[in-house]
Amino acid sequence: MFTKVIAVVAFIAVAEAGLLQPASSYSSVSAPVVAHGAPVVAKYASPLVAKYAAAAAQDYYAPAHYEFNYGVQDPHTGDHKSQHEVRDGDVAKGSYSLAEPDGNLRTVHYTADPHNGFNAVVEKSGEPIYPAPAPAAKLVVSAPKYVAAAPYYHH
């Protein structure tokens, strides 16, 4: 009985150490895995191991560098908007625009940095278009009707 307990404990220890690979319906792919800046090639790395090994090597303190564009032009709903932003480290610059309900186009140009904070300049272009007022409904007021009160009988 003691040997069975030892065998089960040894099996669990091997499984917890990750030496046993579970069966899967897809084949393992050899892919480079970057760990702390040094490329490591895992010959039989599962996608799960490669995913977490790459995430562990991500530098969260590096300055951000990106460029972003977005736009929507929907004539059915009238939704018209766009955005563009460029970031280099702690400095972000960009603009966005949208069609307002009155027909104007609002464009906002902005910058953000640690020294000056967030600054925005708003521009409006186009002529507002207002719908014609609805015709006034005729208000008919009739004179109140006189209704005689029911007689009051007291015993």
Side-chain angles (χ1 to χ4, degrees), residues 12 14-152:
I12 292 173
V14 169
E16 288 291 321
L19 299 176
L20 294 177
Q21 292 290 332
S24 64
S25 61
Y26 54 89
S27 63
S28 296
V29 177
S30 176
V33 177
V34 178
H36 301 293
V40 177
V41 177
K43 187 171 184 177
Y44 299 105
S46 69
L48 184 64
V49 171
K51 175 183 171 187
Y52 287 108
Q58 185 174 5
D59 185 6
Y60 291 101
Y61 298 104
H65 298 283
Y66 64 83
E67 184 169 350
F68 173 78
N69 287 308
Y70 173 77
V72 173
Q73 298 290 328
D74 188 357
H76 178 70
T77 62
D79 190 15
H80 300 288
K81 56 189 167 193
S82 64
Q83 181 179 2
H84 176 258
E85 181 173 295
V86 177
R87 182 169 176 184
D88 186 17
D90 290 337
V91 178
K93 296 178 182 179
S95 65
Y96 64 89
S97 64
L98 59 107
E100 293 184 330
D102 65 358
N104 279 331
L105 179 67
R106 180 184 352 159
T107 304
V108 179
H109 300 278
Y110 61 89
T111 60
D113 61 54
H115 181 68
N116 297 316
F118 182 82
N119 294 300
V121 176
V122 180
E123 297 175 357
K124 285 194 171 194
S125 59
E127 291 293 323
I129 301 170
Y130 300 107
K138 287 189 175 185
L139 183 60
V140 178
V141 178
S142 59
K145 287 185 171 182
Y146 175 75
V147 178
Y152 178 70

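As the structure is a prediction and not an experimental result, all values here were calculated from the model.
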Which value, rounded to the nearest 0.5 Å, describes the distance between Lys81 atom NZ and Gln73 atom CD?
-> 10.5 Å

Asp113 side chain to Asn116 backbone, donor-acceptor under 3.5 Å = yes

Taking atom OH of Tyr96 and atom OG of Ser82, what is their separation to the nearest 0.5 Å?
-> 11.0 Å

Nearest-0.5 Å distance, OG of residue Ser97 to CD of residue Gln83 | 9.5 Å

Verify whether one side chain among Glu85 and Tyr66 offers a donor that lies under 3.5 Å from an acceptor in the other.
-> yes

Smallest heavy-atom separation, Ala112 atom then Phe118 atom, equals CB-CD1, 4.1 Å

Mind checking side-chain contact (heavy atoms from CB on, under 4.5 Å) for Asp74 and listing every partner two or more places apart, or none if nothing turns up?
-> Val72, His76, Thr77, Asp79

Contacts of Pro128 that satisfy side-chain contact (heavy atoms from CB on, under 4.5 Å) - sequence neighbours left out = Asp102, Asn104, Tyr130

So do Glu67 and His84 actually touch side chain to side chain, heavy atoms under 4.5 Å?
-> yes

Close side-chain approach of Thr107 to His109, heavy-atom, < 4.5 Å | yes

Distance-minimising heavy-atom pair for Leu105 and Ala99 = CD1-N, 4.1 Å

